[in-house]
Amino acid sequence: MTTFIDIIEPRKIKDESGFVVIQDIILASVRAYKEMRYGTRVWANRAAFSKASVLFRFRKIPNLKIKESHVIVCDTGRYRILSVEDVKNRGMYMELLCDEDKISGVI
């Protein structure tokens, strides 16, 4: 496992003035394998997710359901989740295909 990541759920909360602000709630902090997109056969087979630019793989976290509405944050930036998959349906590892979030804080 090469990178420390935070799995974040952005929530819309009204402040005391009545304005809606987005607040990041950290659901988990884990180590993950990170793979950037490059020209291999594996990434060519992922053509359905042409927007995906990075893959994260980590051990499944008990009692945490990861959704596409969640966000991954690591030392290289903030990433929107495009796809969540249980590797080989064994319940051991999760694989997330993500795209870089160019506009920080807006989802």
Side-chain angles (χ1 to χ4, degrees):
M1 304 296 172
T2 58
T3 305
F4 284 98
I5 64 169
D6 291 329
I7 302 168
I8 292 177
E9 179 181 4
R11 291 187 186 160
K12 294 180 181 179
I13 299 175
K14 281 190 180 180
D15 61 4
E16 57 274 355
S17 301
F19 294 102
V20 176
V21 294
I22 297 176
Q23 183 179 10
D24 289 341
I25 308 298
I26 297 176
L27 301 176
S29 296
V30 295
R31 286 187 300 166
Y33 168 74
K34 178 182 170 187
E35 180 180 301
M36 299 300 286
R37 182 179 190 153
Y38 54 93
T40 64
R41 188 180 322 163
V42 176
W43 277 98
N45 290 337
R46 294 184 181 126
F49 296 103
S50 60
K51 288 179 64 178
S53 60
V54 65
L55 174 136
F56 291 100
R57 189 176 300 129
F58 54 89
R59 290 197 55 100
K60 186 172 181 177
I61 302 165
N63 303 322
L64 178 63
K65 178 149 174 63
I66 299 173
K67 305 173 190 172
E68 283 84 9
S69 61
H70 294 162
V71 177
I72 300 292
V73 176
C74 67
D75 58 350
T76 59
R78 186 176 176 105
Y79 299 93
R80 290 179 292 130
I81 299 173
L82 300 175
S83 169
V84 179
E85 183 180 343
D86 183 3
V87 177
K88 296 185 181 178
N89 293 321
R90 292 185 180 172
M92 293 179 62
Y93 291 95
M94 299 299 293
E95 187 174 89
L96 309 177
L97 290 174
C98 302
D99 184 30
E100 187 173 5
D101 191 7
K102 305 251 190 279
I103 304 171
S104 181
V106 177
I107 298 184

Nearest atoms (heavy-atom pairs only) where Pro10 meets Ser69: CD-O, 3.6 Å

Do [X] and [Y] land in one hydrophobic cluster if side-chain heavy atoms of ILVMFWY residues count as linked below 4.5 Å?
| X | Y | value |
| --- | --- | --- |
| Leu64 | Ile81 | yes |
| Val30 | Phe4 | no |
| Ile72 | Ile61 | yes |
| Met36 | Leu96 | yes |

Residues which pass salt bridge (Lys or Arg N to Asp or Glu O under 4.0 Å) with Glu100, listed by chain and number, not counting sequence neighbours: Lys102

Any residue meeting salt bridge (Lys or Arg N to Asp or Glu O under 4.0 Å) with Asp99, in chain and number order, not counting sequence neighbours: Arg80

Value rounded to 0.5 Å, distance of NZ in Lys67 from CG in Leu27: 9.0 Å

Separation of His70 NE2 from Ile25 CD1 (nearest 0.5 Å): 10.5 Å

side-chain hydrogen bond (donor to acceptor under 3.5 Å, both in side chains) involving Thr76 - partner list, sequence neighbours excluded: Lys34, Tyr79

Sequence-distant partners of Asp86, side-chain hydrogen bond (donor to acceptor under 3.5 Å, both in side chains), two or more places apart: none

side-chain hydrogen bond (donor to acceptor under 3.5 Å, both in side chains) pairs, two or more places apart, involving residues 11-21: Glu9-Arg11

side-chain contact (heavy atoms from CB on, under 4.5 Å) assessment of Thr3 paired with Arg31: CA-CA 5 Å; Thr3 305; Arg31 286 187 300 166; over 6 Å; no

Contact check, side chains of [X] and [Y], non-hydrogen atoms, under 4.5 Å:
| X | Y | value |
| --- | --- | --- |
| Met92 | Lys60 | no |
| Arg78 | Val71 | yes |
| Glu68 | Val84 | yes |
| Ile66 | Ile7 | yes |

side-chain contact (heavy atoms from CB on, under 4.5 Å) evaluation trace for Cys98 with Phe56: CA-CA 8 Å; Cys98 302; Phe56 291 100; 3.8 Å; yes

Charged tip of Arg59 within 45° of Tyr93 ring normal and under 6.0 Å: yes

Side-chain donor-acceptor contact under 3.5 Å, Tyr33 with Glu35: yes

Stepwise side-chain contact (heavy atoms from CB on, under 4.5 Å) check, Val73 with Ile5: CA-CA 6 Å; Val73 176; Ile5 64 169; over 6 Å; no

Verdict with reasoning, Glu95 to Leu55, per side-chain contact (heavy atoms from CB on, under 4.5 Å): CA-CA 7 Å; Glu95 187 174 89; Leu55 174 136; 3.6 Å; yes

